[in-house]
There are 4 protein chains.
Amino acid sequence: MTVAGDAADARAGGTGFTHCHTVRVRYAETDAMGVVYYANYLTYFEVARVEYLRAAGIEYRLLEEAGTVAAVTSAHVDYRLPARFDDQLSLWTRCASIGKVRFRVEYEVWREADRALIVSGYTEHALLAHGLLRPARIPDWVRAGIEQFEASRRGTPETVVFAERSGGGGRG
Amino acid sequence: MTVAGDAADARAGGTGFTHCHTVRVRYAETDAMGVVYYANYLTYFEVARVEYLRAAGIEYRLLEEAGTVAAVTSAHVDYRLPARFDDQLSLWTRCASIGKVRFRVEYEVWREADRALIVSGYTEHALLAHGLLRPARIPDWVRAGIEQFEASRRGTPETVVFAERSGGGGRG
Amino acid sequence: MTVAGDAADARAGGTGFTHCHTVRVRYAETDAMGVVYYANYLTYFEVARVEYLRAAGIEYRLLEEAGTVAAVTSAHVDYRLPARFDDQLSLWTRCASIGKVRFRVEYEVWREADRALIVSGYTEHALLAHGLLRPARIPDWVRAGIEQFEASRRGTPETVVFAERSGGGGRG
Amino acid sequence: MTVAGDAADARAGGTGFTHCHTVRVRYAETDAMGVVYYANYLTYFEVARVEYLRAAGIEYRLLEEAGTVAAVTSAHVDYRLPARFDDQLSLWTRCASIGKVRFRVEYEVWREADRALIVSGYTEHALLAHGLLRPARIPDWVRAGIEQFEASRRGTPETVVFAERSGGGGRG
């Protein structure tokens, strides 16, 4: 495959993103306009985030059982094109930053059939002790898991993306 | 109003039912067929059930805070006509039976604009101690609340329904 | 009521906002954390927007039947406090700007019981000819309806909010 | 593998069912009781049905593009055990009967971790000409697709189920 080909491939599937998980649009997720209802992209972001964390060695369920929840402090979506019933969507994800108590996750949703960017967006999170409202310090194993995962997946975008698309290591 | 008129009115709005709560169809609840997605009627049933219980003096939230949950053991829906975005729907509800640990609630959903029956159905419930799987005995105050509510609302269908529609006592 | 009281009242319910609609949290809208799932605030925003437009004389259903849809181009939510099952929420809404093809709506969601701000956010929209991807010019009657509604509701925040809370003119 | 082992395996995963598709429970699908909200099983049934039809050579999207919709006429769910966030669920499906205009699909949802039956249920459907309320005759290619699929998958339950579980032919 030529470099130009790689670059086109990379652009089609989330350059700079480190994880990809595929979902298929359910009828339940569409609305009377015939497209995915706008709130459901936040559900896709949740699925992408859970699978991203799992790939980084962090089972979200275990985090909760240890008495911690990752509360959302803000969410943002930019809508580019509508997705429709039965579309296969690639949910590209990366952790853009991680501090003492907060982290930020970014997303791009691409339609696989025509490699079109459907939406992009981000969510910001604070770790909370379960049942309380005060932020808790992100445990070292969580921070280390995310940092190592990001480092291992980043490189030249072509390499990363090529590995994702052919190996499917990060796909669900 | 003539008896015939009363009877027609009663048929249009849930003869034999003892409580009515109105909802308006949200865009989120429609699907690509342009109608309310079939699973969402179970959500309407939940709203109807919570408001029915509130009218009978039973705040569902208090029930939960007392360590009890009303688990659903079965649910059934018969779909007659499709409802659409922005339709105002009357959710008619009654408690059809109540035993030691189980109770059954029945529903009819009518569109207000043309008095058309949209769906009918029922849910069956068992009271559980929160976090456990074994049924718990329905507390006396819950049973008494439901029985008194049903007795107070039942009568000739015309009377009940007329009171509902004009007085709105049971409406949320 | 004193001016100080008015000011407190205004702060509690969306100063500068021009419309209020109340919803009650459904069980369906909560998640395993015991709070409203984060995506569902976008559904509340939709309900608030539809009722805002209706109060401004614009039935969204008629807009659609005329072959136009108000596509969302971006959405943003800042989460302050969690809301729970059965909470009554005030959805405060205003149109922050309206151009030739785009408009922006802002929201605050307050819990009525303790007058706590739950979330704030906005959505941005472009009018599209139904089935097409190209923006359409906002019809004059839509722009006029929104501008007149905003002008009629704006004034000193205290006055507006007081009228809202006691008269309920804008409540659904 | 012994016959006894096969039988246990078959019982654990939907004896007599002809198709299996796996989903993982999303946080969005849970409720404040910490379990999957009861209406969401109808969404799982939809996902199961669409994948069943795809395996039988019937793309639901094509059916719709040909001007036909498979309207639900009734739905039923029996709830046995609660499922929780992140559970992997096997959605077992079969077409129980198919007439001139109606067909019935049956489902069992099993949790993979402990091979526990979570819910069972069915949906009944009538084919409608899109936008009309009158049933349409099921096209021959649809009936033939379903009948051939059922015939090819049915046999001794042990054989069918074993093939499903090891080969994953029917899994999404």
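By convention in this document, chain letters (A, B, ...) are assigned in the order of the sequence lines, proteins followed by strands, and residues within each chain are numbered from 1. Every heavy atom of this structure was used, including side-chain atoms; hydrogens, water molecules and symmetry mates were not.
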- Between chain B and each of D:Asp78, D:Val72, D:Val119, count heavy-atom pairs under 4.5 Å; write down the option with the most. D:Val72
- Query: Quick one: what part of B:Tyr122 sits under 4.5 Å from any heavy atom of chain D, side chain, backbone, both or neither?
  - Reply: side chain
- Task: Check D:Arg49 against B:Tyr38 and note the closest heavy-atom contact, atom names and distance.
- Result: NH1-OH, 3.3 Å
- State the OH-CG distance between B:Tyr41 and D:Leu42, to the nearest 0.5 angstrom. 12.5 Å
- B:Glu124 versus chain D, heavy atoms under 4.5 Å apart: side chain, backbone, both or neither? neither
- Item | Rounded distance [0.5 Å steps], OH in D:Tyr79 versus NE2 in B:His125 | 9.5 Å
